[in-house]
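Heads up, the thing below is written out as structure tokens.
All figures in this text were calculated on a predicted structure; none of them were measured in a lab.
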Amino acid sequence: MEFDVVIVGAGPAGLAAACRLMQQANEQGQEFSVCLVEKGSEVGAHILSGAVIEPRALNELFPNWQELGAPLNVSVTEDQVFLLKDEQNAQKLPNALVPQTMHNEGNYIVSLGNFCRWLGQQAEDLGVEIFPGFTAREVLYDDKGRVVGILTGAMGIGADGEQKDSYVPSMELRAKYTLFAEGCRGHLGKELINKYNLDQGCDPQHYGIGIKELWEIDPSKHQEGLVVHGSGWPLTGDTHGGFFLYHDESNQVEIGLIVDLSYSNPHLSPFDEFQRMKHHPVIKQYLEGGKRISYGARAITKGGLNCLPKMTFPGGLLIGCDAGTLNFAKIKGVHTAMKSAMLAAETVFDAISQGDQGAQILSDFTQRWQASWAYEELQRSRNFGPAMHKFGTFLGGAFNFLDQNIFAGHLPFTLHDRTPDHAKLKPADVCQPIDYPKPDGKLSFDKLSSVFLANVSHEEDQPCHLRLTDPELPLRDNLPTYNEPAQRYCPAGVYEVVTDEDGQARFQINFSNCVHCKTCDIKDPAQNITWVTPEGAGGPNYPNM
């Protein structure tokens, strides 16, 4: 099938690009075809974020979004920021000492999944063809190395590689331009960055893992519009990150922990850090007596401007978190992802309208992007992450207060962190083991019951989508050196070291548990694990997340 534009991924970036393309086509009365493929069972099924949305990009895309019924129903009414000193004590920061980027006046607490479902409806109303349940398995190139579309994943292939009765072959979706909006650590985005050396001259990308739960709490404890952030305990030493607690509508709160994947202790489990964090009085006061109703996890592209690759290549663009446009100083990426996508859509539409499929798009998009408010945001926040990595939570926080509040991001130098996250792990025998308390089933829970709440579903009889370059490496190298950290950094219990009846250790991959967070692809110290798409529609199905 042939289209003017093919878009991979129905997140905020992919959907914003699709809408902007068709807006322009409809305004000019031009025949135009846009196809969007989404690996989830429906638009929004795989979407996970905090989320507090800054509506700047949405205001530009749909100025009448309130009339159109966009699900931005809860305005932020109050910001609170805490420094957790230990498991019992905390210091609330005065508003004047909070970095300017973390103030949320004018923003909205939302379910990003529901927001994407709404964006998907707007895209379809404008004439976009959306194919949910279809994966983008491969990039298609012409004989000159130009991207000309994607190949969808076949369905109905058994674990033995043979076709089953339900077999549906792959399909070529060809386009004049292809936009990749897969989100953090997109497997095709990773291929394109490597093929075209898009990250030449950049710092290596940095990531976090975000683990989130949705709770229904006692109405007497609910404060609709309250946004709470914090850092410190239980993350100590060179482990950085922080928590969020957002009071949404209908007596629901969104609670989560973001852990930088630059941590060095292989004994650390982000999932278990999150579970024990919920017992802190600052958080427990809201959750006690409540009910956990959903769970999920997702890696976050958080390197910012210093790590942002070139976003253009022959035949297409990387947009949103597939490139890394998130502004981690704000803990927000929806508005910048959407803006990058809208600029890409305008550039591509102009190129196709003018009959240009050459190199002009490269310079046009780059000029538009670097002149945008989104790029200016990233420029002003470029030191935020490196400061935390170099100076730690306390000194890094003080530096960022000065950088953002006093100098407005205009310090005459740029900090860098040039060590990839996976290279930060230290051998297990030089690190302190961590004794995590058993979950109580009230505030804290185990991985398997959590995965159940993520509504994860994969066809069991299919090839494993978590590929090991060297199948022997986990037991040969990672287990003796790092106590095989995949057992702990995975938030879904996918990886286990089990002992067979004959006493032999075996590295087991429970791929059907996978929530598609991509952490294993990022944090494995040998870079031995590659995440690829499973059969279409597999994975989590997040309601209201």
Side-chain angles (χ1 to χ4, degrees), residues 1-40 42-44 61-62 68 116-142 144 146-153 168-182 186 188-189 192 311-320 322 337-338 340-358 360-362 364-365 368 536:
M1 300 176 68
E2 295 192 1
F3 301 89
D4 287 306
V5 178
V6 166
I7 302 172
V8 180
L15 290 164
C19 290
R20 188 69 193 111
L21 283 165
M22 292 308 298
Q23 283 177 340
Q24 295 171 97
N26 295 340
E27 288 165 3
Q28 297 189 20
Q30 185 172 327
E31 289 290 328
F32 203 83
S33 57
V34 177
C35 169
L36 189 153
V37 295
E38 162 56 37
K39 65 182 175 67
E42 64 170 354
V43 172
L61 184 62
F62 290 110
L68 294 172
C116 286
R117 291 179 177 95
W118 175 82
L119 270 181
Q121 186 59 58
Q122 307 315 304
E124 288 188 325
D125 291 347
L126 287 164
V128 177
E129 295 185 55
I130 299 180
F131 297 164
F134 284 83
T135 62
R137 194 185 80 189
E138 296 178 16
V139 181
L140 298 176
Y141 304 95
D142 66 14
K144 296 180 180 178
R146 185 181 187 277
V147 173
V148 292
I150 57 103
L151 184 71
T152 66
V168 178
S170 297
M171 180 166 47
E172 289 188 1
L173 302 179
R174 292 183 170 266
K176 296 170 183 173
Y177 286 100
T178 308
L179 306 182
F180 293 85
E182 305 163 283
L188 298 183
L192 292 164
M311 297 165 69
T312 61
F313 47 84
L317 296 98
L318 291 176
I319 55 178
D322 218 350
M338 289 178 66
S340 74
M342 292 153 62
L343 293 170
E346 291 165 4
T347 305
V348 165
F349 185 81
D350 287 350
I352 293 175
S353 299
Q354 296 164 16
D356 171 44
Q357 290 179 243
Q360 186 61 38
I361 184 178
L362 307 183
D364 279 0
F365 173 81
R368 295 183 193 204

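Without hydrogens or angle criteria, S340 side chain to I319 main chain gives no donor-acceptor distance under 3.5 Å. Looking only at distances, a side-chain donor or acceptor of D4 sits under 3.5 Å from a matching main-chain atom of S33. A distance-only check finds no donor-acceptor pair linking the side chain of E172 to the backbone of R174 [under 3.5 Å]. Between the side chain of S170 and the main chain of T152, a donor-acceptor pair closer than 3.5 Å is present.
With contacts defined as side-chain heavy-atom distances shorter than 4.5 Å, the pair Q23/F62 qualifies. For the pair V348 and F365, the minimum side-chain heavy-atom distance is 4.5 Å or more. Contact check for S353 versus Q30: side-chain heavy atoms found under the 4.5 Å cut-off. You'll find the side chain of F32 stays beyond 4.5 Å of the side chain of N26, heavy atoms only. A heavy-atom distance below 4.5 Å is found between the side chains of V139 and F180.
Summarising the geometry of A10 relative to E38, their closest heavy-atom pair is N-OE1, 2.9 Å, with the distance given to 0.1 Å. The shortest non-hydrogen separation linking Q24 to D350 is OE1-OD1, 4.5 Å. A pairwise comparison of heavy atoms in L173 and C35 identifies CD1-SG, 4.0 Å as the closest pair.
L317 CG to D322 CG: the interatomic distance, rounded to the nearest 0.5 Å, is 11.0 Å. Of the inter-residue distances, the one linking R146 atom CZ with L140 atom CG reads 12.0 Å to the nearest 0.5 angstrom.
Among V34, L36, I352, the one residue that satisfies the side-chain contact (heavy atoms from CB on, under 4.5 Å) test with L21 is V34.
Between F131 and F3, the angle of the ring planes goes over 60°, which puts this pair in the perpendicular group of the 30/60° scheme.
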Exercise answer: donor-acceptor pairs, residues 121-129 side-chain atoms, under 3.5 Å, sequence neighbours excluded:
unit_1: Q121; atom_1: NE2; unit_2: D125; atom_2: OD1; d: 2.9
unit_1: Q122; atom_1: NE2; unit_2: W118; atom_2: O; d: 3.4

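Salt-bridge check for E42 with R117: passed, with a basic side-chain N closer than 4.0 Å to an acidic carboxylate O.
D142 is linked by a salt bridge (charged side-chain N to carboxylate O under 4.0 Å, His left out) to nothing, counting only residues two or more places apart in sequence or in another chain.
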